[in-house]
Structures are given as structure tokens and as C-alpha cells.
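The sequence lines fix the lettering, A, B, ..., with proteins before strands; numbering per chain opens at 1. The shown structure was predicted, so the numbers you read here are calculated from the model rather than taken from an experiment.
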Protein chains: 2
Amino acid sequence: MASRRHVIADDLRAQISTGRIKAGERLPSETQLAARYTVSTPTLRSALALLQAEGLVEKVHGKGNFVRRPVQRITYRGGSPTPPTPALQSSIRVTRIRARGHLCTLLRVPVGTPLTEFHCLSHDGTSPYGLARVYIPRDLAPAVTPDESPWPAKEATPLAEIEETLCARLPTALEAATLRISPTLAVLAITRVATDTAGRVVEAAVLAIPGDRAEAIFTTHHTADDRRTEG
Amino acid sequence: MASRRHVIADDLRAQISTGRIKAGERLPSETQLAARYTVSTPTLRSALALLQAEGLVEKVHGKGNFVRRPVQRITYRGGSPTPPTPALQSSIRVTRIRARGHLCTLLRVPVGTPLTEFHCLSHDGTSPYGLARVYIPRDLAPAVTPDESPWPAKEATPLAEIEETLCARLPTALEAATLRISPTLAVLAITRVATDTAGRVVEAAVLAIPGDRAEAIFTTHHTADDRRTEG
DNA sequence: CAGTGGTCTAGACCACGCG
DNA sequence: GCGTGGTCTAGACCACTGT
């Protein structure tokens, strides 16, 4: 029942949580740990893989295994048209692209429609923790440049509805690399589509947040007359 | 860049998606596959582990590796006090427990408060796919028995607000076993807390849905005066 | 360069499912 | 009992990071 790797993982987890191995610190090398626990290196590595999947340990090739700092939890608040984490450092890259494939479905536009893409990576100090790709039809966001407010004002088109679809999935190779997480650590993926009163999609956003530090909160108010709209 | 396991996984994935290996079918044994791809068994197993994590293949000890049937996607609709998947077979177990630990925080009740627990496992035919644990203070759900409607009527206490918190995490050992998913496949975890107009928590639910087949949708309607009702 | 993790091998033995 | 997957070993060699 209790395989060696679980015993080792439990022991290391305990050492981390009790502070015997502090956050940010490097673990002994895999060879040393394997010797200490008298197991082969593949076995020890599989134990570390468990801690990786939990987001507790980060492996850095050529350097070692490091205890991850207890990251502050990222809270995504649903129902808001504004960026998920407004008061955050983030590097934004703006590109002009044309709609194709899945984006056409999301934005309900024909293939080739000019779009503005915001590729946004949120940081907390050195560690990245949020990846957002926002797509806006260019005719609705006329002249957005990196110098201006990166999040285009939407007052011009009154917002009618925001639909957010969430799922848990493994990160793509690109997402794992960008967010510096293990490819085995699931991300919380949020697809947000905002439509205006005319039924046009004014914004589609695809967000990926590491599962170990993200949570999304949705609050639904029910009025006294029990108007059960929604779904 | 392209490690052997990825090449093998890509090949098997292609064979599955093109239908050369059909859903429900058993793959050749790991020994056979290892021979076919001229790799060692651990390498082949690590390739299968990738497909497992994607939810494409299910391993059954002593029997073999099976291609999972393309499960219909489970859609959880946010903002509703009713069970997430109403028209579904589900086995419900009702227990009377007393609040402790995390439940006290969730339900905002002191330790020892009598609760009714609904342990609910939703099925689609033979395969389980949703695990829900619903907790209700017993004084608010006076006489609920398995024979009655399992979901207590809430008309007595007008609902004011529902807060749903979502995160992506690995399943607990119990969840993985109950849902028959690999422990490496993330679940979408939803914690739903419903409060009535008096501010009391009338229901707290903890749901776990396999990440490969679940998505949660939240719709937010914005009225002209930008009043943030729910959805 | 030395030290680290990344990948892979060719076996071994154990645990499970089924006839 | 036999075939299956589950776990583990004791190495090997490659790739990356620092000095």
C-alpha cells in the first residue's frame, strides 16, 4: 500500500511543512537523497515527482530541487469585465492578428477578422503566476497601443453579459514553460466571453492560472422575488 | 527535445483519435508495446502515463490498458442552488454528523453543530463522474430522509447569495478511487456556500469533478444601470 | 570543468484478475 | 498458473548550470 516513493514524499513533505527545510531552499541532490533513503535514483525521482505535482517543489535543471515559496493565493473574481488581477505587475504584449479557428467561434466572427491580441503575463516579484490572452475585435478597440491603457475602455459599448467557462486541465508545453510550472501540475483555465447589448462579442479572454495557487470565486445574488435567471 | 515517451505517446494518441484503436478497446500489453517501439518497459510505461494524465487511457491492474470512451462533457452551471446535474443517476448516502474543522468555517457554525451530510455520487451508466458532499445544518433541514426528496426544499428560508469557489487540484486518494480516475488527473473542485437573507449558511457543498470531462459555466448579466446581479 | 537533473536500459520481484 | 500491470534496482549516457 505505502510504496517507497510515498513514504519518501511524505517524509520530505513533513520536513518542508515543519520548516526543517525552509522555503526557497535547495534540497540535497537527488543522488544524496537516494543514498539517504537507500533507494535508487529513479525511485527517489518518482518521490520528488509527487511533490512537484503538488506544486511544493520546483525542479531546476542543472541546479537542483527547490522548495517553493508559499505563494499567495491568486483569487480570480468572476463576473467582472476588468482584468482578473488589476493591481499586479504584468508584462503585456500587444499583437495584431486575424481570427482563425477556435477564436472565430469564441468571438463569433468570420475567419480573417482583424483582432487585437493582448498577451499578458502577471508577475509577483520574480515568479510568474498568471497567463492571459485577451482578444478584441479591432473595430471595437480602435487604437490601442502599449502606451495607452492596455485594457481598452468599454464604456462605448454597454456590456450585457459575461460568460465564464472554467475547467481544470494540464498546461500546454508553452504554458508550463511560461508559468514555470511542472507539466504535470494542472492549471485552472478560464475562458471569458463578454457580449454587449447588441449581442456582439466585445472581448474574449483565455486565462491559465496554476492550479496550486489559484481559485476563482463567483458570487450570485438572489433577489427577494426569487428571480432565478442564470443557469 | 522530443523524448521517446512523447514520440510513443503521440503515436498512440494518433492511433486512438483516428480510430485505429477504438474506444473501450484494450491496448497491447506493455511488454508487447515496449517490443514494438523497441524501448524498455519503464519508458513505455512513462509514455502511457502521459495518456493517463490526459484521461485518454485507463489502466486496470491485471487486465491491461484501455482506451477510455469519450465521455460526454459534464457542465456545471454556476449560480444555482439546485444540484449541479439534476437529471442524472446518482447514489446518495445520507449521514448525520457534527460540524468540525473546516466545515465549521464553511457553515459558520460552532464545533459540534448537528449537520446532515449528503454523500452523492453521480453516474453516467457505469462510469462515475461526479462526487458531491453537501452539508446542511440539521435545524434548517428538519426531517430529511433518503426516502424523501434528497435535496431539501429551501423555500422556507429565502436564499440571498450563493458563493462558489473553484480550484484545480489533484484528487485525494479517496476521490481518485471513487471516481476511478488516475491520481495524476486533476479535478475541478467547487465549493458552494449558500446563505439566506438572515445571513445564515443554509447549505455548503463540496464537489469534485474529473478535470478531463468537466467544465463550469458562469453567466453574469449586466443591466443598463450596471447593477451586478448574478446570473 | 564538476555537479546537477533528464532520460533510458535490462533486468528483477510483487500484486492483481481470471480461468 | 499465467498474463497483466506495479514497483524497484544499479547502473549508463546526455543536457544544463555554474566556476
Value in whole Å for how far the [atom2] atom of [N] lies from [atom1] of [X]:
X       : N      : atom1 : atom2 : answer
B:His61 : C:dC16 : NE2   : P     : 6 Å
A:Glu30 : D:dA10 : CD    : C1'   : 16 Å
B:Leu33 : C:dT9  : CG    : P     : 14 Å
B:Asn65 : D:dG6  : CG    : P     : 7 Å
A:Arg45 : D:dG11 : CZ    : C1'   : 15 Å
A:Glu58 : C:dT4  : CD    : P     : 18 Å
A:Lys63 : C:dT4  : NZ    : C1'   : 11 Å
A:Leu48 : C:dT4  : CG    : P     : 14 Å

How do A:Val60 and A:Leu44 order along DNA chain D: which one's closest nucleotide is nearer the 5' end?
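Here A:Leu44 is the residue nearer the 5' end.
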Want to settle it: does B:Lys59 or A:Pro42 sit nearer the 5' end of DNA chain D, counting the closest nucleotide to each?
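Between the two, 5'-proximity favours B:Lys59.
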4.5 Å side-chain heavy-atom contact, B:Val109 and B:Val201:
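They are not in side-chain contact.
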A:Arg13 with A:Glu54: basic N within carboxylate O range, under 4.0 Å:
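A salt bridge links A:Arg13 with A:Glu54.
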Test: B:Arg98 and B:Glu117 ion pair at under 4.0 Å:
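The answer is no: the pair does not qualify as a salt bridge.
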At under 4.0 Å between heavy atoms, what does A:Arg5 touch on the DNA or RNA strands: base, sugar-phosphate, or nothing?
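A:Arg5: backbone/sugar contact only, no base atoms under 4.0 Å.
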Counting any heavy atom closer than 4.0 Å, what does B:Arg4 reach on the DNA or RNA strands: base, sugar-phosphate only, or nothing?
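Result for B:Arg4 = sugar-phosphate.
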Please determine which of B:Leu103, B:Thr116, B:Val193 meets the side-chain contact (heavy atoms from CB on, under 4.5 Å) test together with B:Tyr135.
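The residue from B:Leu103, B:Thr116, B:Val193 that satisfies side-chain contact (heavy atoms from CB on, under 4.5 Å) with B:Tyr135 turns out to be B:Leu103.
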Give the nucleotide from the list D:dG5, C:dT4, D:dT9 with an atom nearest to the side chain of B:Ser29.
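The listed nucleotide nearest to B:Ser29's side chain is D:dG5.
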Quick one: does A:Arg73's side chain have a donor or acceptor within less than 3.5 Å of a partner on A:Asp212's backbone?
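At least one qualifying donor-acceptor pair exists.
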Both B:Thr41 and B:Ser46 contact DNA chain C. Taking the nearest nucleotide for each, which residue is further toward the 5' end?
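This one resolves to B:Ser46.
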